[in-house]
Amino acid sequence: MSIMKRKQRHIRVSLEENVESDIPTGFGDVSLVHRAIPEIDLKDVDASTELFGKKLSAPLIISAITGGTEEAEKINKTLATVAGRLGIGIGVGSQRIAIQQPEVERTFRVVRSAAPKALVIGNIGCPQLSLGWGIKEARKAVEMVDADALAIHMNPLQEAVQVGGDTNFKGIVKKIKALTADLGVPVVMKETGAGISFEDARRLEGAGAAGFEISGLGGTSWSAVEHHIAHEVGDGQMEYLGKVLWNWGIPTACSLVEVRSASKGKVIASGGLRNGLDAAKALALGADAVGIAKPFLQKAIKGEEDLEKYIETIIAEIRICLFLSGAKNLSEINKVPVVVTGWSAEWLKARGFDPAHYATRGR
Ligand SMILES: Cc1cc2nc3c(=O)[nH]c(=O)nc-3n(C[C@H](O)[C@H](O)[C@H](O)COP(=O)(O)O)c2cc1C
């Protein structure tokens, strides 16, 4: 199947089929402690921040979605226009297609022209590094959108259950090390729906990664997407595998604690975040910003107005949650007490982290 056809299918399948994980993000196990006397005026709550050298009005990123087709160009234009207007960040979808077929570069470049001042994150994948890509292609991806940072997506689950997937992830850390040394913009190691462990975050930070995008389990499942695509192309074995591994991964809230504990770098929490309450919980657990993909795609298809309203609502929710937690800004939400219970607490304890540490801090 051509990459262009695959891109079209990703959008259509994500919009029309059930591709959500059945296992939750873990944020349902996370509570911020209510402050009856926040001693703040909600009007004074400041959710702005800075990430990779750019100011954000709120700690929100449109996670990598698309590029490469006419439809993708339209979607990217809508996403970028709204991101620019509201002062949030935007990641482009995998730029592999434009590096191989320069005639579709415009479907990515539209992001920078629609949002000249926004934080823009470029995107290439580990499978391409395995197939021989290096600094030249990474520079091209950065130049194409004048990227402030480059995400390198890690999608071993998707590749393993994809008809004709590229499953060679050998020697990736060494390749990342070579890239981070020479690229000149920060490299963000990004999962795509199965999360990042403490161990991998440590190794990647050692290889020079400046940040991570969690994309944990709990939202869009790429095993589910590939399950549907395998069904359409009549590959029964991959269809079956995609179903079995539908819920594979580290739930987002747990992965966030793992990565935050492993790294001093920037952390974008994503994977199943759907509102400002989840976002505020992620910020309290140490995320520098949060990313959302599928819901933004669903709104962008309807138009700028729907997308803008949704993003404004999320930002309002984040500000209210900060207020109710007694935090005036993002550096304060990082220090408020957070209670982690249930399955997520069990996970964290089993992995050697102490959930009680979050519950009593700031006393
Ligand atoms: C249609 C679609 C296309 C995507 N394409 C990419 C991509 O090219 N590169 C990438 O790193 N992630 C890609 N993602 C993954 C998202 O950036 C995100 O990590 C994942 O969907 C989990 O977030 P969500 O639950 O908010 O959707 C894509 C997601 C969707 C829905």
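All ligand and atom numbering here is 1-based and tracks the order in the structure. One-based numbering along the sequence shown.
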At a 4.0 Å threshold, what atoms of ligand 1 neighbour a non-hydrogen atom of His153?
-> 9 (N), 11 (O)
Could you tell me whether Ser14 approaches ligand 1 through its side chain, its backbone, both or neither, with non-hydrogen atoms closer than 4.0 Å?
-> side chain
Nearest heavy atom to atom 19 (O) of ligand 1 wins, so pick from Ser270, Ala194, Gly291, Ser215.
-> Ser215
The single option from Glu71, Glu232, Glu17, His228 passing side chain to side chain contact (heavy atoms under 4.5 Å, CB included) against Arg12 | Glu232
Hey, are Asp288 and Arg260 close enough for a salt bridge, meaning a charged N less than 4.0 Å from a carboxylate O?
-> yes
Using a strict 4.0 Å cut-off to heavy atoms of Gly93, name the atoms of ligand 1 that fall inside it.
-> 8 (O)
Are Lys299 and Tyr310 in a cation-pi setup, meaning NZ or CZ lies under 6.0 angstrom from the ring centre and within 45 degrees of the ring axis?
-> yes
Locate the shortest heavy-atom distance separating Thr252 from Ile214; write the atom from each residue and the value.
-> O-CG2, 4.1 Å
Among protein heavy atoms, which lies nearest atom 14 (N) of ligand 1, and at what distance?
-> Ala64 O, 3.2 Å
Just wondering, more than 12 heavy atoms not from Lys74 lying within 6.0 Å of its NZ?
-> no
Looking only at protein heavy atoms, which one is nearest to atom 30 (C) of ligand 1, and how far off is it?
-> Trp222 CZ2, 3.5 Å
So between Lys190, Lys294, Arg274, Met154, whose heavy atom ends up nearest atom 25 (O) of ligand 1?
-> Arg274
Quick one: closest heavy-atom pair of Gly122 and Val92, and the distance?
-> CA-CG2, 3.9 Å
Please verify whether a non-hydrogen atom of Phe296 lies at under 4.0 Å from ligand 1.
-> no
Counting heavy atoms not belonging to Gln237, are there more than 12 under 6.0 Å from its CD?
-> no
re atom 5 (N) of ligand 1, the protein heavy-atom contact at minimum distance is Ile65 O, 3.0 Å
With a 4.0 Å cut-off on heavy atoms, is Thr192 touching ligand 1?
-> yes
Number the atoms of ligand 1 from 1 as they appear, then name those within less than 4.0 Å of a heavy atom of Asn123, with their elements.
-> 9 (N), 10 (C), 11 (O)
Trp347 atom CH2, neighbour heavy-atom count above 12 within 6.0 Å | yes
Backbone, side chain, both or neither: what part of Thr220 comes under 4.0 angstrom of ligand 1, heavy atoms only?
-> both
In terms of its nearest heavy atom to atom 22 (C) of ligand 1, the top option of Gly219, Ser21, Gly271, Pro295 is Gly271
Under 4.0 Å from any heavy atom of Ser94, which atoms of ligand 1 are there?
-> 7 (C), 8 (O), 9 (N)
Would you call Glu137 and Lys140 a salt bridge, taking side-chain N to carboxylate O under 4.0 Å as the test?
-> no
Examine Trp222 together with His227 and report whether their ring centres are nearer than 6.0 Å.
-> no
Could you tell me which atoms of ligand 1, counted from 1 in the order shown, lie closer than 4.0 angstrom to a heavy atom of Ser63?
-> 17 (O)
Got an N/O contact under 3.5 Å between Leu273 and ligand 1?
-> no
